[in-house]
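Note that the structure is a prediction, hence the values are computed from the model and not measured.
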Amino acid sequence: MSRAVAGWIALCLISLVPTVASAQDMALSGVLLDGEGWQLVSQGHKFTEGPAVDAEGRVYFTDVPESKIFRVEPDGKVTLFDDKTANTNGLMFGPDGLLYGCRNGDKQIVAYNAQGEYTVVAEGVQSNDLVVAGNGSIWCTDPPGERVWHISGDASRTKKVVAEGIRPNGVILTPDQGTLVVTESQEPVLWTFRVERDGSLSHKERYYGPVQLPSRADRPGSDGMTVDSIGRLYVATRAGLQMFDPTGRLGGAIAKPHPGPLSNVCFGGPQLDTLYVTAGDKVYRRKVQAKGVRYQGR
Amino acid sequence: MTRARHWLLARLGTLALLAGLGWGTVHSAAAADDYKLEGDSLVQEGVPQGTVTKLQWKESKVFPGTERDWWLYVPKQYDGSKPAAVMIFQDGGSYVDPNGQFRTTVVFDNLIHKKQMPVTIGIFLNPGQIPASEPDQKPRSNRSFEYDTLSDQYARFLLEEILPEVSQTYKLSERPEHRAIGGISSGGICAFTAAWERPDAFSKVLSHVGSFTNIRGGHVYPSVIRKTERKPIRVFLQEGSNDLDNLHGNWPLANQEMAAALKFSKYDYRFEYGDGGHNGKHGGALMPESLRWLWRETAK
């Protein structure tokens, strides 16, 4: 078959796609792989959180009450990275290759190097989860303070409150870093803001929703999030790992690997094609069609 | 290339050709969907034509940060001596397009001239979007949020922002029987939601291939309609047997459920079920008849 004929057939097939409602329909079938289920990665912990992927695809996670950080190699081997974390919770790698963490026991945001030594990035900040942009700028959630903090990416590391009046939990950026999404565990929607150049947030909206509720519950327990390369958003909840399309519509809930809630999620592995979830005392992973995102500098 | 593969590609090509010409689809039985615009959908000689003005709305407080295009149609017969009826359309750019599938303003001209609908000001609103703060970032599309969400937010946007804006220049009737709202797909369920939330403000609904499916929970309407005291809303539903069947639901079944629920609760409704797909062909062809039916007692 000539290239021209192939192109013509492709054109005819494209013309079949309805334009109004289904152009962005994104079902779970576009994410999951037949025959691939959740695999247990690590167990015996107290409460796992903060999955974060490094440049090689290794995934780090925290055990918050035990004040530990573990590292998972692509082959599944788990090693201890730090055992004095002061209840560090959320983690994420920055564009500088450092591992940023919510060291909440000391009210600090810290950055680890590969040897496991940390420096303090910001002090006097309560934090649960964070996201690090391509320019090094950080947003972190402060649930008891009912606010979201921004810490500038420049050397001044200036901190300021950029959202108040919600009890924020997870936080993530869309792949283009133009939109910030924040979960609130009792809300059936995810809060969405426009990111301004100085890190402030505007145009708050109940954009992603409704979040599916577990049976016999009135709150979804929305927690940590991640995004994939085409802008789908994944949020850890009590009703599974829920996927939303870029226009805020639920695409579906991926079944949980265990009966309890999920606390957080990230893409890991050298190809960023494996979902890692923290789930109570365990961590699981699952290979998927979707691919994760590394935020590029702006 | 193997013989089998060559045969398969040849068949694919034929299938694509047939589908591209509208003779079938790759996933379902062949559908006619051959609706044509005629009569009052076409410009008629001697019929006065209203004016259409393109506008922008960037000041929304109900949907903060959104910007949108909109169009205002004022019939030739409007003279300000008495309040005009109002009809609002979602995805306004499609409905106002003089060469599109609906040609709503042409139908308005013809029916107002024949006194088959009242002197009506048409408001054609596109969905909002929130521009990105940087040029290489994507704007936030607000269409699904505005149209698919089950709440009074969109009705408030109309009542607190758009209608007061139009009222600064034109005298608009505030009687609900003089207020209609319509749309296609998510814009169709949006029209129903506006009337459902505020029947005191909107009493006539026109839905084309309406998304009464679970995009953001709209699939509950049939059961809610059955278990809620009847509201003073008149509904024209158009749907086609080859409409969407996807993760959000099955559009033909959902619209049949809506029609059955409206019948059960003794609504003033009409259901036109054709063989079209997810487009405005059938709804466009029906536009004159649907407007005559919706406006019937208020025409004179």
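The backbone N or O of A/Ser185 lies less than 3.5 Å from no partner atom in the side chain of A/Asn169, so there is not a single donor-acceptor pair. Under a 3.5 Å cut-off, the side chain of B/Glu146 and the backbone N or O of B/Gly128 do form a donor-acceptor pair. Under a 3.5 Å cut-off, the side chain of B/Asn255 and the backbone N or O of B/Trp251 do form a donor-acceptor pair.
When each of B/Ile130, B/Val209, B/Asn142 is checked for heavy-atom pairs under 4.5 Å with chain A, B/Asn142 comes out on top. Of the listed residues A/Lys204, A/Glu196, A/Arg197, A/Glu205, the one with more heavy-atom pairs under 4.5 angstrom with chain B than any other is A/Glu205.
Neither the backbone nor the side chain of A/Ser29 comes within contact range of chain B; no heavy atom of the residue lies under 4.5 Å from a heavy atom of that chain.
There is no side-chain donor-acceptor pair under 3.5 Å between A/Ser200 and A/His150.
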